[in-house]
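Inspection log for the structure reproduced underneath, given as structure tokens.
What's counted below: heavy atoms across the whole structure, side chains too, no hydrogens, waters or symmetry copies. Residue numbers count from 1 along this sequence.
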Amino acid sequence: MSNDTALDTFCAFFNKLDKTCTDKLYNVYTDDIVFQDPLHRIEGIEALEGYFAALYTHVEECRFTFHHRQRLGDTAFVTWTMTLRHPRLAGGSSYAVHGCSQLTFATTAANDPGGQEKVKCHRDYFDAGELLYERLPVLGGVIRHLKRRAGT
């Protein structure tokens with residue numbers, strides 16, 4: 001834990017992701033959140049709630065290990081390793097994906113009790129192949145072969 005309550009709240013939220021997490025989104029994100037990763041761009045808390053609900057319906061495990069946190073003003077960067085287990089990916093086994101999140105914080109409106117700092121923009125950077133495509137039965141073998149040939 002650090003002395004940055006908003007960043008600690010964000011990390012704690014992502015350490016407890018599952019299909020019941022959507023009701024806690026309002027503690028972390030502003031109503032006009034913009035969420036982006038290599039696969040999606042979502043605008044607004046209701047759209048993000050629907051996205052998370054669908055995303056985590058079949059996920060059996062999802063946890064994050066946070067490595068480095070750095071914040072300057074309203075912008076923070078957090079590096080992480082996500083451990084994921086989904087019955088249709090990687091034969092149902094757990095696997096890890098490394099990434100980084102860029103966060104922009106905003107203080108909520110005066111009508112919000114306490115005027116908390118919440119995430120207004122959240123952008124994840126990770127290898128979509130490492131997350132998804134390499135884990136698919138046929139396509140995964142082709143992608144892993146190409147990556148080996150390229151030396152990555």
Side-chain angles (χ1 to χ4, degrees), residues 1-86 89-90 93-136 140 143-144 146-147 150-152:
M1 295 289 272
S2 68
N3 59 359
D4 188 331
T5 304
L7 190 53
D8 290 342
T9 299
F10 170 84
C11 292
F13 170 75
F14 273 85
N15 272 326
K16 296 180 180 166
L17 281 181
D18 63 19
K19 55 187 154 203
T20 67
C21 70
T22 57
D23 59 341
K24 297 174 188 77
L25 287 173
Y26 298 88
N27 297 331
V28 177
Y29 293 110
T30 61
D31 290 343
D32 59 346
I33 179 65
V34 175
F35 174 90
Q36 187 170 353
D37 66 21
L39 305 170
H40 302 92
R41 179 180 168 88
I42 315 281
E43 296 185 24
I45 193 80
E46 292 86 10
L48 187 61
E49 184 176 13
Y51 170 68
F52 274 39
L55 186 66
Y56 290 99
T57 297
H58 300 290
V59 169
E60 295 173 348
E61 173 190 10
C62 183
R63 71 178 187 282
F64 285 79
T65 302
F66 293 98
H67 305 292
H68 301 286
R69 304 176 191 189
Q70 187 168 7
R71 181 166 176 184
L72 182 60
D74 65 354
T75 302
F77 289 89
V78 182
T79 61
W80 43 260
T81 302
M82 176 179 62
T83 303
L84 181 68
R85 188 174 68 235
H86 189 288
L89 299 172
S93 298
S94 293
Y95 62 95
V97 176
H98 306 281
C100 176
S101 296
Q102 177 184 2
L103 309 168
T104 304
F105 291 93
T107 302
T108 55
N111 61 356
D112 184 5
Q116 303 174 308
E117 267 194 311
K118 295 183 180 179
V119 177
K120 180 180 179 69
C121 296
H122 175 174
R123 183 158 187 180
D124 282 343
Y125 297 91
F126 59 84
D127 181 346
E130 184 180 20
L131 172 69
L132 181 63
Y133 306 124
E134 291 177 29
R135 311 302 171 181
L136 298 172
I143 291 174
R144 287 188 300 273
L146 292 173
K147 285 178 88 172
T152 59

What one should report as the nearest heavy-atom pair of L39 and D37 is N-OD1, 2.7 Å
task: Answer whether the closest heavy-atom distance between the side chains of P38 and F126 falls below 4.5 Å.
output: yes
Quiz item: Do L84 and V97 pass the side-chain contact (heavy atoms from CB on, under 4.5 Å) test, and can you show the C-alpha distance, the side-chain angles, and the key distance before you say yes or no?
Solution: CA-CA 8 Å; L84 181 68; V97 176; 5.9 Å; no
Taken to the nearest 0.5 Å, the spacing of D32 CG from E43 CD works out to 9.5 Å
Between H98 and T81, the two heavy atoms sitting closest are ND1-OG1, 3.0 Å
When every non-hydrogen atom of I33 is compared with those of H122, the smallest separation belongs to CD1-N, 4.1 Å
Between the OH atom in Y29 and the SG atom in C121, the distance rounded to the nearest 0.5 Å is 11.0 Å
Between F77 and H68, does the side-chain contact (heavy atoms from CB on, under 4.5 Å) criterion hold? Intermediate values first, please. CA-CA 8 Å; F77 289 89; H68 301 286; over 6 Å; no
From the list Y51, F35, F52, side chain to side chain contact (heavy atoms under 4.5 Å, CB included) with L25 holds only for F52
Whether T104 side chain and K120 backbone form a donor-acceptor pair below 3.5 Å: no
Smallest heavy-atom separation, F13 atom then K24 atom, equals CE1-CB, 3.8 Å
To the nearest 0.5 Å, atom CG of D4 lies from atom OG1 of T9 at 8.5 Å
Residues W80 and S101: closest non-hydrogen pair is NE1-OG, 2.9 Å
Between V119 and L103 the two heavy atoms that sit nearest each other are CG1-CD2, 4.1 Å
Look at the aromatic rings of F14 and F10 and report parallel, tilted or perpendicular, splitting at 30° and 60°.
tilted
Rounding to 0.5 Å, atoms CD (Q102) and CZ (R123) come to a distance of 7.5 Å
Open item on the list: Run the side-chain contact (heavy atoms from CB on, under 4.5 Å) test on R69 and D8 for me, step by step, so that the C-alpha distance in whole Å, both residues' side-chain angles and the decisive distance to 0.1 Å come before the verdict.
Closed with: CA-CA 10 Å; R69 304 176 191 189; D8 290 342; 2.7 Å; yes
d(E49 CD, Y26 OH) to nearest 0.5 Å is 4.0 Å
For the residue pair R71 and F105, would you count it as a cation-pi contact if the rule is NZ or CZ under 6.0 angstrom from the ring centre and within 45 degrees of the ring axis? yes
